[in-house]
Colleague: 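Structure incoming, see below.
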Number of protein chains: 2
Amino acid sequence: MNKELYLKERIEELKEACHIKGMRVTPQRIAIFNEVAKSCQHPDVETIYEAVKDKMPNVSMDTVYRTLASLEELDMIFRVDNQLPKARFDADKTPHHHFICTQCNEVYDIFLEPDEEIILPKNANKYGKIKDINVQIRGICNKCLEKNRKQ
Amino acid sequence: MNKELYLKERIEELKEACHIKGMRVTPQRIAIFNEVAKSCQHPDVETIYEAVKDKMPNVSMDTVYRTLASLEELDMIFRVDNQLPKARFDADKTPHHHFICTQCNEVYDIFLEPDEEIILPKNANKYGKIKDINVQIRGICNKCLEKNRKQ
DNA sequence: TCCTAAGTAATAATGATTACTATTTAAATT
DNA sequence: AATTTAAATAGTAATCATTATTACTTAGGA
């Protein structure tokens, strides 16, 4: 698809999402979303900040962080990694998935049934030598669902 | 399986792995690995540090971080999240996997063939309401493999 | 055009992680 | 068993990513 057209459409989608959630459409939000959407490099905060600063010289780092969090909440972007605020470790090497609650950051193990296995995509070997596979399923855990219902 | 036996076996495995890689078997390494291996909670660094300190009062935070990195290198443990040193973002909502190079931290998109799809495990819904799924394939990318060959 | 809560800039603070250096120790060698 | 030595550690300082605070600005509805 035409990239410019694609970007235009995605920005319309962003505006729509803001309206639905009662969030304001600010130039900063559009600029920051635009930087993430146009890149295929999975940019980090610093990269986004530098790029936006070119057009908007006194944007602050704080705004970039806050805006990225908002865009995540709007389901317009997501993080490739660093879901959790700090590193967490696992010594269980048997193949299993993780359910990560986006509200309370709890991590649950999802063990596979005896007949199940984790399936690699056909193109997986294209980019290098695979060591392991890590499947994160993100959502709201039962405990938080219950808590939210009560409020 | 008997948990104590399991832990004993895993610690033997750790010792073996250290010998193979020419790394020393230190009490700190065993204690820190033991804490991760015995827990089902995917503990964070602070939790591990506090637990190890009970038996080894003057272990340092630095040692915990260094040791966890070593254990990762030995393939005895892995991180549930926070592979990358900083957060990175993606605005592409079409289902695809990510190949993350553990050497250079580069992230590559693995797009699915038209007939492929990401398969959820049967038990996935057990823990809560799913929002999305994030598949990280970890390994060494072609660029790094090439670089390593030349040295 | 005015009003007001949401959003922002500038800066300070926090919290996680890494680096440095003197000291200790695992384990190979004698 | 004693010696040796490079690897690992403790203690502390420094760095880096991220979040909080506060006063100011602005989007967008009345």
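Here is how names work: the chains are called A, B, and so on, in the same order as the sequence lines, proteins then strands, and each is numbered from 1. Computed from a predicted structure; not experimentally measured.
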Colleague: If you walk 5' to 3' along DNA chain D, what is the first nucleotide with an atom under 4.0 Å of a heavy atom in chain B, and what is the last?
Modeller: D:dA6 to D:dT18
Colleague: Set out, in order, the CA-CA distance, both residues' side-chain angles and the distance that settles side-chain contact (heavy atoms from CB on, under 4.5 Å) for A:I110 and A:H96, then state yes or no.
Modeller: CA-CA 6 Å; A:I110 301 181; A:H96 62 281; 5.9 Å; no
Colleague: Quick one: is C:dT17 close enough that its OP1 or OP2 comes under 4.0 Å of any side-chain N or O from B:Y65?
Modeller: yes
Colleague: Base, backbone or nothing for each nucleotide of nucleotides 4-15 of chain C, written B, S, -, heavy atoms under 4.0 angstrom, 5' to 3'?
Modeller: -BBSBBB-----
Colleague: Please answer whether the main-chain N or O of A:H42 pairs with a side-chain N or O of B:R88 as donor and acceptor at a distance below 3.5 Å.
Modeller: yes
Colleague: Quick check: does any side chain N or O of B:Y127 sit under 3.5 Å from a backbone N or O of A:D109, one acting as donor and the other as acceptor?
Modeller: yes
Colleague: Between A:K143 and A:E146, does the salt bridge (Lys or Arg N to Asp or Glu O under 4.0 Å) criterion hold? Intermediate values first, please.
Modeller: CA-CA 5 Å; A:K143 213 177 278 182; A:E146 182 66 21; over 6 Å; no
Colleague: What do the steps show when you test A:D75 against B:K131 for salt bridge (Lys or Arg N to Asp or Glu O under 4.0 Å), and what is the final call?
Modeller: CA-CA 10 Å; A:D75 267 324; B:K131 271 168 58 182; 5.1 Å; no
Colleague: Would you say that B:L112 contacts B:H97 through its side chain, given a criterion of any heavy-atom pair below 4.5 Å between the two side chains?
Modeller: yes
Colleague: Ignoring hydrogens and angles, state whether a donor on the side chain of B:Q103 or B:N148 is under 3.5 Å from an acceptor on the partner side chain.
Modeller: yes
Colleague: Under the rule for side chain to side chain contact (heavy atoms under 4.5 Å, CB included), what residues qualify as partners of A:N125, not counting sequence neighbours?
Modeller: A:I130
Colleague: Heavy atom of residues 31-38 of chain B under 4.0 Å from DNA chain C: which residues?
Modeller: none
Colleague: In residues 19-35 of chain A, what donor-acceptor pairs under 3.5 Å come from side-chain atoms, sequence neighbours left out?
Modeller:
residue, atom, partner, partner atom, Å
A:H19, ND1, A:K15, O, 3.2
A:T26, OG1, A:R29, N, 3.2
A:R29, NH1, A:R24, O, 2.8
A:E35, OE2, A:K38, NZ, 3.2

Colleague: Between the main-chain N or O of B:K86 and the side-chain N or O of A:D44, is there a donor-acceptor pair closer than 3.5 Å?
Modeller: no
Colleague: Could you tell me whether the side chains of B:D81 and A:H98 share a donor-acceptor contact shorter than 3.5 Å?
Modeller: no
Colleague: Please report the C-alpha distance between B:Y108 and A:K126 in whole Å, then the side-chain angles of each, then the deciding distance to 0.1 Å, and finally whether the side-chain contact (heavy atoms from CB on, under 4.5 Å) criterion is met.
Modeller: CA-CA 10 Å; B:Y108 301 89; A:K126 233 162 101 175; over 6 Å; no
Colleague: Near DNA chain D, counting only heavy atoms under 4.0 Å, which residues of residues 39-51 of chain B show up?
Modeller: none
